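The structure appears right after this line, and notes come after that.
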2 protein chains.
Amino acid sequence: MTVKPGQSVRGSTTGRPIMVLFDVLGQRWTLRILWELRLERLTFRELRSQCANVSPTVLNARLKELRELNLVDHDENGYGHTGLGAELAVQLGTLDDWSQKWAKSLDTQR
Amino acid sequence: MTVKPGQSVRGSTTGRPIMVLFDVLGQRWTLRILWELRLERLTFRELRSQCANVSPTVLNARLKELRELNLVDHDENGYGHTGLGAELAVQLGTLDDWSQKWAKSLDTQR
DNA sequence: ATATATGCTACAAATAATGTAGCATCAAGG
DNA sequence: CCTTGATGCTACATTATTTGTAGCATATAT
């Protein structure tokens, strides 16, 4: 069963939304899946292919969870972000910008 | 061995910084550890306690990785963010704000 | 009826996380 | 010195998660 805000998660019984979010994002492939859907809707197989052929078992489990959390939806054009999912993806875009600065900094340090 | 930007990670051979970041953050407890260090430096035991007594095996593995990635450091006052780690933590703060909106939206939907 | 695409499920093997115990080092007090 | 308490871990068996591969069921197009 997917955990939603208000419910206990790994290491937090408060149900604080951020804890629920950490619990979801801290699973393998979740961040990547959200990222790969940022530009366009993708079918299950396309998404799987863009995610380095992640096991369909895991992909399906993540998509199910993301749908229950109203971050992703599914229609005749495949999987895509909901409004909320798109908002979250914007933040991943910010992380992308930051990560480039981070990488440069690690370089000069070496 | 910790993967750094420029190196291959799970499902990406490009070394794109964002992929490296997803690989790190997509492990259990990494987001939470960065979060718990946002206010003050903490000793290993304090941090462990704030992270619901996460296993010391995992905590140590994460801290080692975060140190190698220059996001966390360790001194006589315990563990804390580096400059870059603090920047990343700011983004987690933004996620915190968003997550509250998200939780409300999920509520009204039920 | 075949062919092709879709969204999956099954399952064994490999990898990661958990929980508990406890060790080694250090600094402070008696 | 010799405990006491704190710190930063390591060891290790158990349990949970992920991986990789195969293939099934449905739908649409030929």
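All values below come from the heavy atoms of this structure, side chains included, with hydrogens, waters and symmetry mates left out. Predicted model only: the values in this text are computed from it and were never measured. The sequence lines fix the lettering, A, B, ..., with proteins before strands; numbering per chain opens at 1.
- Between A:Leu47 atom CG and C:dT6 atom C1' there is a gap of 13 Å when expressed in whole angstrom units.
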Name every donor-acceptor pair, under 3.5 Å, that has one atom in a side chain of residues 85-93 of chain B and the other anywhere in the protein, sequence neighbours excluded.
| unit_1 | atom_1 | unit_2 | atom_2 | d |
| --- | --- | --- | --- | --- |
| B:Glu87 | OE1 | A:Trp98 | NE1 | 2.9 |
| B:Glu87 | OE1 | A:Lys101 | NZ | 3.1 |
| B:Glu87 | OE2 | A:Lys101 | NZ | 3.0 |

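- Distance, B:Glu76 CD to C:dA27 C1': 15 Å, rounded to whole Å.
- Under 3.5 Å, the side chain of A:Thr57 and the base of C:dC11 form at least one donor-acceptor pair of N or O atoms.
- Regarding contacts with the backbone of C:dA17, every side-chain N or O of A:Arg10 stays at 4.0 angstrom or more from both OP1 and OP2.
- Separating the CZ atom of A:Arg62 from the P atom of C:dT9 is a distance of 14 Å, rounded to the nearest angstrom.
- B:Ser55 comes within 4.0 angstrom of a nucleotide base, judged by non-hydrogen atoms across all strands.
- For the pair A:Arg41 and A:Asp75, the salt-bridge criterion is met [side-chain N within less than 4.0 Å of a carboxylate O].
- Distance A:Asp23 CG to D:dT17 C1': 13 Å, rounded to the nearest Å.
- Between the C1' atom of C:dT6 and the CG atom of A:Asp75 lies a distance of 14 Å, rounded to the nearest Å.
- Note: CD (A:Gln27) to P (D:dT17) measures 8 Å, nearest angstrom.
- Taking atom CZ on B:Phe44 and atom P on D:dT10, their separation rounds to 8 Å, with Å as the unit.
- In this structure, B:Arg38 forms a cation-pi arrangement with B:Trp35, its terminal cationic atom sitting closer than 6.0 Å to the ring centre and no more than 45° off the ring axis.
- For the pair B:Leu59/B:Trp29, no side-chain contact is recorded, criterion being any heavy-atom separation below 4.5 Å from C-beta on.
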Between A:Val24 and A:Thr2, is the side chain to side chain contact (heavy atoms under 4.5 Å, CB included) condition met? List the steps.
CA-CA 9 Å; A:Val24 177; A:Thr2 302; 5.9 Å; no
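- Taking the side chain of A:Val58 as heavy atoms from C-beta on, and the options D:dT21, C:dG7, D:dT19, the nearest nucleotide is D:dT19.
- Residues A:Arg16 and B:Asp96 are paired through a salt bridge, judged by an N-O separation under 4.0 Å between the basic side chain and the carboxylate.
- No side-chain heavy atom of A:Lys64 sits under 4.5 Å from any side-chain heavy atom of A:Val72.
- Place B:Val54 and A:Gly78 on DNA chain C by their nearest nucleotides, and A:Gly78 ends up nearer the 5' end.
- The backbone N or O of A:Leu71 lies less than 3.5 Å from a partner atom in the side chain of A:Thr82, making a donor-acceptor pair.
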Given B:Arg48 and B:Asn53, is the side chain to side chain contact (heavy atoms under 4.5 Å, CB included) satisfied, shown in steps?
CA-CA 5 Å; B:Arg48 177 165 184 248; B:Asn53 286 313; 4.2 Å; yes
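- Taking atom CG on B:Leu59 and atom C1' on C:dT18, their separation rounds to 13 Å, with Å as the unit.
- You'll find the side chain of A:Phe22 stays beyond 4.5 Å of the side chain of A:Val9, heavy atoms only.
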In B/S/- notation (B base, S sugar-phosphate only, - none; protein heavy atoms under 4.0 Å), nucleotides 22-30 of chain D written 5' to 3' is B--------
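- Closest contact between the side chain of A:Arg28 and the listed nucleotides D:dT17, C:dA16, C:dT20 involves C:dA16.
- For the pair A:Arg48 and A:Gly26, nearest-nucleotide mapping onto DNA chain D gives the more 5' position to A:Gly26.
- Sorted by residue number, the list of members of residues 29-42 of chain A with any non-hydrogen atom under 4.0 Å from DNA chain C is empty.
- Nearest nucleotide to the B:Asn60 side chain, out of D:dT10, C:dC8, D:dT21: D:dT10.
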